[in-house]
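Whatever order the structure lists ligands and atoms in, that order sets their numbers, starting from 1. Small disclaimer: the values here were computed from a predicted structure and weren't measured.
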Amino acid sequence: MFAEKMVELGSRRSTIREIFEFGKKRAAEVGAENVFDFSLGNPNVPAPQAVEDNILKLVTTEESAALHGYTSAQGDAGVRSRIAGSINRAHGTHFHADNLYMTVGAAASLCICFKALAEEGDEFITFAPYFPEYKVFAEGTGAKLLVAPADTDSFQIHFDEFEKLLGPKTKAVIVNSPNNPSGAVYSEDTILKLTELMKRKSEEYGHAIYLISDEPYREIVYGNVKVPYLTKYYENTFVCYSYSKSLSLPGERIGYVVVPDEMEDQKAAYAAVCGAGRVLGYVNAPSLFQRVVGECVGKTSDVTIYRRNRDLLYNALTEMGYTCVKPDGAFYLFPRSLEPDANAFCEKAKEFDILLVPGDDFGCPGHVRIAYCVQTEMIERSLDAFRKLSEQYQ
Ligand code: PLP
């Protein structure tokens, strides 16, 4: 027989997949230009030119067997060193190659950290709204994921709710800022409060409570918004990074985990990350793309396009009467649904060929996610449909 849990996970209905299938069907019926698909977080902004230039340079100048061969299990030392240097320049940290482990994107970075930490009965805590795969990844290790309800006025942290969940079984806390799906960026004040509370609780329970920072959207922020670098606030922090969004490379599967020297028993922590990578079969992230991201340190896709989309959609929707916390980053808007049941609202939106994801999927009912990593022209064409949708509720 097969593992029951895996069969269940593989057969479970996926809202986003269903929306995607619906979108394809409608496009065949009414034309792709009349379907407003805001369901996927797939970057529409192309990768920077440097990515293509470096792929071409590497494949035309380097010896094939070496370029495409195995690297060290934890990634090419030269690449890790370049990335460490780039983080240090940006954030005043002191990382070196052996603080980094190259992975196949943020999903793998998270799975590795969860596996490195979790023992049967451990609890992880995260904050709604949250990336739904956290539950799958955490439960896959035998740990339990607890979710602190959202502060829907700001999408910062609801500290009273969080404190209720912290207990002797808490192994780690997962944060995601800039956030999918709210677009919120945790302020320095939020980070200070969070880390002070976690330090106090670690002392009270006599063991470290780890912070896992899931940050694939770090560079996608607007204006002067700062995204605090969490290892500087809390020593026992793992950073899970990915180039899926910052360099628009989601299909290439490349990212890394940072295990800072400041972490308690750092050598054992890094060994646990290497061990988890081994158990999960995540050794040796793709060699070519390790080299490409190593050559592209400090570069990002053109964030001004996302900003233009955010401004256009946020301004238009709030003018029509939608209520929404203005997002400072990522490429999502997370307004309230115009009726309490977000699923019913998404069904109503489909009648206008607007495809949205209900907030229930992110642990935050009464809201919907609009992924605006789409062509600006599609947003412009969709506004009339959003207006007609809002009129249904007047
Ligand atoms: N974490 C968050 C918050 C995400 O939004 C995503 C992808 O959308 C991931 C992790 C997974 O990213 P990756 O493609 O790098 O595995």
Side-chain angles (χ1 to χ4, degrees), residues 14-17 19-20 37-45 47 51 75 83 100-115 124-138 140 145 147 150 155 157 172-186 211-221 227 230 238-258 276-277 280-282 285-286 289-290 292-293 296 300-301 306 327-334 357 359 361-364 369-374:
S14 150
T15 317
I16 296 189
R17 207 176 319 135
I19 297 171
F20 180 67
D37 187 350
F38 292 101
S39 65
L40 286 185
N42 207 6
N44 71 302
V45 175
V51 167
I83 296 171
L100 270 78
Y101 184 100
M102 301 303 294
T103 66
V104 284
S109 302
L110 290 160
C111 286
I112 284 177
C113 291
F114 289 9
K115 185 80 179 166
F124 291 172
I125 303 177
T126 197
F127 305 93
Y130 70 100
F131 183 56
E133 292 298 281
Y134 293 166
K135 192 169 157 60
V136 179
F137 299 161
L145 182 75
V147 180
F155 293 120
I157 289 175
V173 174
I174 306 137
V175 291
N176 168 223
S177 166
N179 183 264
N180 172 11
S182 71
V185 176
Y186 287 164
L211 184 58
I212 298 175
S213 178
D214 176 25
E215 44 185 68
Y217 302 95
R218 164 166 286 282
E219 292 82 7
I220 306 178
V221 287
V227 185
L230 298 192
F238 292 92
V239 177
C240 294
Y241 185 83
S242 161
Y243 295 92
S244 292
K245 318 291 174 171
S246 62
L247 287 181
S248 303
L249 295 175
E252 304 301 351
R253 315 308 299 140
I254 189 82
Y256 58 79
V257 175
V258 178
L280 296 167
Y282 283 154
F289 272 85
Q290 287 190 48
V292 170
V293 298
C296 293
T300 55
S301 299
Y306 296 131
D328 283 322
F331 37 55
Y332 308 103
L333 222 58
F334 199 56
V357 184
D361 288 34
F362 305 95
C364 192
R369 188 186 78 170
I370 308 179
Y372 59 77
C373 43
V374 295

Quick check: Ala108 and ligand 1, any N/O pair under 3.5 Å apart? no

When only distance counts, is Ala107 in polar contact with ligand 1, meaning an N/O pair under 3.5 Å? yes

Test of ring centre spacing under 6.0 Å for Tyr332 and Tyr217: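 Close enough - the centres of the two rings lie under 6.0 Å apart.
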
Are the ring centres of Phe127 and Phe155 closer than 6.0 Å?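 No, ring centres 6.0 Å or more apart.
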
Contacting atoms of ligand 1, where contact means under 4.0 angstrom from a heavy atom of [X]:
{"X": "Tyr217", "answer": "3 (C), 4 (C), 5 (O), 8 (O)"}
{"X": "Asn176", "answer": "3 (C)"}
{"X": "Gly105", "answer": "15 (O), 16 (O)"}
{"X": "Asn180", "answer": "3 (C), 4 (C), 5 (O)"}

Among all protein heavy atoms, pick out the one at the shortest distance from [atom]; state its residue, atom name and that distance to 0.1 Å.
{"atom": "atom 2 (C) of ligand 1", "result": "Asp214 OD2, 3.4 Å"}
{"atom": "atom 12 (O) of ligand 1", "result": "Ala106 CB, 3.6 Å"}
{"atom": "atom 6 (C) of ligand 1", "result": "Phe131 CZ, 3.5 Å"}
{"atom": "atom 8 (O) of ligand 1", "result": "Lys245 NZ, 2.9 Å"}
{"atom": "atom 15 (O) of ligand 1", "result": "Ser242 OG, 2.6 Å"}

So for Tyr243 against ligand 1, with non-hydrogen atoms under 4.0 Å, the contacting part is neither

Please give me the minimum heavy-atom distance between Ala106 and Asp214, naming the atom from each residue. CB-OD1, 3.9 Å

Measure across Thr15 and Asp361 and return the closest heavy-atom pair with its distance rounded to 0.1 Å.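 So the two residues come closest at OG1-OD2, 2.6 Å.
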
Look at the side chain of [X] and the backbone N and O of [Y], then say whether any donor-acceptor pair between them is shorter than 3.5 Å.
{"X": "Lys245", "Y": "Phe331", "value": "no"}
{"X": "Asn176", "Y": "Pro178", "value": "yes"}
{"X": "Ser213", "Y": "Glu215", "value": "no"}
{"X": "Arg218", "Y": "Tyr241", "value": "no"}
{"X": "Asn179", "Y": "Ala184", "value": "no"}
{"X": "Thr103", "Y": "Ala108", "value": "no"}

Determine, using heavy atoms of Tyr130 and all atoms of ligand 1, whether some pair is separated by less than 4.0 Å.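 Under 4.0 Å: no for Tyr130.
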
Determine whether any heavy atom of Arg253 lies closer than 4.0 Å to an atom of ligand 1.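 Contact present.
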
Out of Ser177, Ser244, Cys111, Gly251, whose heavy atom is nearest to atom 13 (P) of ligand 1?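 Nearest heavy atom to atom 13 (P) of ligand 1 lies in Ser244.
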
